[in-house]
Amino acid sequence: MQPHPGRRAVTAGLLALPGLARAQAEAWPNRPIRLIYPFAPGAGDLVPRLIGEQLQPMLGQSLVIEHRPGANTMIGAEAAARSPKDGYTLGWVATSTLVMNPNLYPNITYGLGDFAPLCLAYRAPVSFAVSATLPIRTVAEALEHIRRNPGIGFGSVGNGSSPHVTMEMMMGLTGVRLESVAYRGEQAIITDLMTGRIPFYAGSTNSLLPHLEGGKFRILAISSPRRLPVLPDVPTFREAVHPDLELRYWHGVVAPAGVPAPILTRLANSFAEILRMDAVRERLPPDMEVEPVILEDFATLIREEQARYGRIIRERNITVL
């Protein structure tokens with residue numbers, strides 16, 4: 001029987017390590033692994049919890065989720081970056097953590113170089129929705145309404161977030177102007193959207209789906225490259241606005257830079273294997289696109305998106321003030 005590719009990679013890495021580091025990697029893991037999650041507890045931590053359920057039998061140790069919300073994920077990210085480099089503390093990161101924030105905060109206390117990217121867990125599209133109190137059924141009608149009503153706003157979770165950047169991209173391509181109205185959480189926006197207090201919403205598709213049957217709002221477009229099976233009649237922004245208008249936010253896992261390579265490889269392969277399991281995929285929200293990207297490929301993706309969205313942030317003069 002041929003050895004598993006992941007085992008070959010771990011074995012090769014072990015042979016290259018000096019004695020102390022090799023012994024550390026061979027003994028790992030012998031205690032629970034901590035995952036610093038930079039958001040508050042709730043439905044959003046479903047994916048790390050599902051990963052933890054499968055990691056226990058795979059590695060023989062539990063995954064303990066530690067919530068460190070605040071500062072647009074920067075509190076949790078800094079804690080993960082400054083953790084011991086032994087493979088027992090990992091960080092959960094989002095597009096905002098490593099793509100948007102470095103382009104928005106001049107005094108940010110961490111950078112991509114402080115981390116070893118492990119695995120991109122999932123991507124998901126931004127939805128653009130309108131309150132049913134307005135007689136708008138298409139993006140074209142929404143754009144015309146916005147042109148006739150300068151200063152009209154849309155609700156999002158904050159300036160510099162993926163939904164905000166998506167709307168800024170739409171504005172740049174169409175010449176309209178929407179004002180960003182920042183909320184502390186998506187449920188508050190959805191409540192105001194359904195009552196007509198805020199006319200438009202940009203944010204998580206999954207947050208909208210449980211309320212869709214009530215008919216209090218309409219999803220006009222999504223920012224993924226393809227339509228979602230759960231929303232077959234909702235066009236993409238590429239169809240409804242412009243072929244270049246696409247943005248999927250993502251979440252993933254990193255380790256502090258300096259963790260021994262064999263541990264990184266074993267973790268990355270384990271996460272990717274778990275995310276491909278049917279038992280995990282069937283429990284994920286229908287807007288999540290699971291396509292694991294690991295190690296240097298994940299790092300490359302982050303660098304490319306930092307450059308792409310950095311240009312948009314500068315061109316659109318997006319600030320967090």
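Computed over heavy atoms, backbone and side chain alike; hydrogens, waters and symmetry mates excluded. Residues take their numbers from the sequence shown, with the count starting at 1.
One hydrophobic cluster holds both Val280 and Tyr122 under the rule that ILVMFWY side chains link at heavy-atom gaps under 4.5 Å.
Residues in residues 219-229 take part in these side-chain hydrogen bond (donor to acceptor under 3.5 Å, both in side chains) pairs, two or more places apart or across chains: Arg227-Glu239.
When all heavy atoms are compared, the tightest approach of Thr138 to Ile136 is O-CG2, 3.5 Å. Taking each heavy atom of Tyr309 and Glu246 in turn, the nearest pair found is OH-O, 4.0 Å. Heavy atoms only, all atoms of each residue included: Leu208 and Ala129 are closest at CD1-CB, 4.0 Å. Taking every heavy atom of both residues into account, Ser83 and Arg34 meet most closely at OG-NH2, 3.7 Å.
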Which is it for Asp45 and Phe39 under the side chain to side chain contact (heavy atoms under 4.5 Å, CB included) test, yes or no, and what are the steps along the way?
-> CA-CA 8 Å; Asp45 59 15; Phe39 303 100; over 6 Å; no

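Side-chain polar atoms of Gln61 and Tyr88 form no donor-acceptor pair below 3.5 angstrom. A donor-acceptor contact under 3.5 angstrom links the side chains of His164 and Glu168, judged on distance only.
Looking at Ser62, its side chain never comes within 3.5 Å of a backbone N or O of Val64 through a donor-acceptor pair.
The pair Arg276-Glu291 fails the salt-bridge criterion, with no side-chain N (NZ, NE, NH1 or NH2) lying under 4.0 Å from an Asp/Glu carboxylate O.
Annotation for Arg82: atom CZ counts as buried by contact number, over 12 foreign heavy atoms lying within 6.0 Å.
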